[in-house]
Amino acid sequence: MHSFLEIDPEVKQALEKGKPVVALESTIISHGMPFPQNLETAIEVERIVRDNGAVPATIAIFDGKCHAGLNKEQLEHFASAKDVWKVSLRDIPYVIIKKLYGATTVAATMRIAAMAGIKIFVTGGIGGVHRNASETMDISADLTEMEQTPVAVVSAGIKSILDIGLTLEYLETKGIPVITFGQVEFPSFYSSKSGFNSPLRSDNVEEIAAMINTKWQLGLNGAVLIANPVPAMQEMPSNEIEAHIQQALRVAKENNISGKDVTPFLLKYIADHTRGESLEANIALIKNNAMLGAELAVAYAKSDLTT
Ligand code: PSU
Ligand code: MN
């Protein structure tokens, strides 16, 4: 592999032996949650992945390299530093040559995971088609990345700051299987409901692992998106969230927020205006995804051996 990729020794060894590995993103740490809950959650998520039989590999960029697998000090830096870049696909070369700290989005994390040979990736919510995309053309690079990069993405669905219907249409156009775990309705991050049926439903990880494996065995490129509903205990009422989203979209427009700033702006606005409740849901769903992702990585490693 080229000199821009540094794989942590434990992760490397697991990959060489065909053991389960789970990639984790870093934008959720630097731009997705406040300190210190972001650090506590990042550490806890890694522990959950381990407890469920897989090796965690948090992905980020620093010192001019893409890293797969961070130690505690590095996690601490991403959780507390103010000068961390949000790195989507197009930002990778710039952040490397400038030797900046870059927290990777779903798109960039997927690409680096694929470079490292990691097949399963756990996140909170993915980017998608924005509500006013017909005017702004704002469609996340997460979606174009999913079209081409063979990494399975475990998420809690799509936040309703986005147009969920259009995002599901886009995923269909690009040939990306969308599987909701354990229910018919596609979830919307804070809520297990979205008003949209999931294209597919599965109730067991072996079946999902088999589907992922079969897709790639067939030479069909790109991701599989797994949507794991937020646990019922920490779910937020969708009408309550919707009011905050409407307000956030209005304020973003008034302030001419554009480009890569749109998603972090909306996320922060909603977090600031729903304080404890949304943070609690966010933490619960990412932990829940870490458990499912680790189980899926274990099942995938087994299915990979038998094919
Ligand atoms: N949606 C969330 N939480 C997040 C993100 C999106 O509910 O933390 C982050 C992820 O890192 C995702 C990125 O990949 O925002 C998408 O940004 P954009 O819309 O600018 O592509
Ligand atoms: Mn965008």
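Because the structure is predicted, anything quoted here is derived from the model rather than measured. Just follow the structure's listing: the first ligand is 1, and inside any ligand the first atom is 1.
Regarding atom 11 (O) of ligand 1, its nearest protein heavy-atom neighbour is Glu25 OE1, 2.9 Å. The protein atom (non-hydrogen) at minimum distance from atom 21 (O) of ligand 1 is Ser140 OG, 2.7 Å. Atom 1 (N) of ligand 1 has as its closest protein heavy atom Gly125 O, 3.4 Å. Leu267 CD1, 3.5 Å is the protein heavy atom nearest to atom 4 (C) of ligand 1. Protein heavy atom at the shortest distance from atom 9 (C) of ligand 1 is Thr27 CG2, 4.3 Å.
In the vicinity of Lys159, heavy-atom distances shorter than 4.0 Å reach the ligand 1 atoms 2 (C), 3 (N), 7 (O). Proximity to Thr105 (heavy-atom distance under 4.0 Å) selects the following atoms of ligand 1: 11 (O), 14 (O). Of all atoms in ligand 1, numbered sequentially from 1 with element shown, those under 4.0 Å from a heavy atom of Asp142 are 12 (C), 14 (O), 16 (C). Interface of Phe189 with ligand 1, defined as ligand atoms under 4.0 Å from a residue heavy atom, comprises 7 (O).
In this structure, Asn38 and Ser30 have side chains that are not in contact, with every pair of non-hydrogen atoms separated by 4.5 Å or more. Annotation: side chain of Glu295 is in contact with side chain of Leu292 (closest heavy-atom distance under 4.5 Å). No side-chain heavy atom of Asn288 sits under 4.5 Å from any side-chain heavy atom of Val230. In this structure, the side chains of Ile118 and Leu15 come closer than 4.5 Å at one or more pairs of heavy atoms. For the pair Leu171/Leu143, a side-chain contact is recorded, criterion being any heavy-atom separation below 4.5 Å from C-beta on. Proximity of Lys253 to Asn132: side-chain heavy atoms (C-beta onward) are nowhere separated by under 4.5 Å. The shortest distance between side-chain heavy atoms of Thr105 and Glu145 does not fall below 4.5 Å.
Judged by the 6.0 Å distance and 45° axis criteria, Lys119 is positioned over the aromatic ring of Trp216.
For Gln37 and Thr41, the side-chain atoms include no donor-acceptor pair closer than 3.5 Å. Judged by distance alone, the side chains of Thr58 and Glu46 do bring a donor and an acceptor atom under 3.5 Å apart.
Of the candidates Asn282, Ile270, Thr263, Ile126, it is Thr263 that places a heavy atom closest to atom 19 (O) of ligand 1.
Between Phe62 and His67, the ring planes are parallel. Angles under 30° get that label, and only those over 60° would be called perpendicular.
Among the atoms of Thr104, none of the N or O lies under 3.5 angstrom from an N or O of ligand 1. Inclusion of Gly32 in the set of residues having an N or O under 3.5 Å from an N or O of ligand 1 is not warranted.
Of all heavy-atom pairs spanning Thr180 and Ser198, the tightest one is OG1-OG, 2.7 Å.
The Mn ion (ligand 2) has Asp138 OD1 as protein N, O or S atoms under 2.8 Å away.
Note on ligand 1: Lys86 sits in its first shell, one or more heavy atoms being nearer than 4.0 Å.
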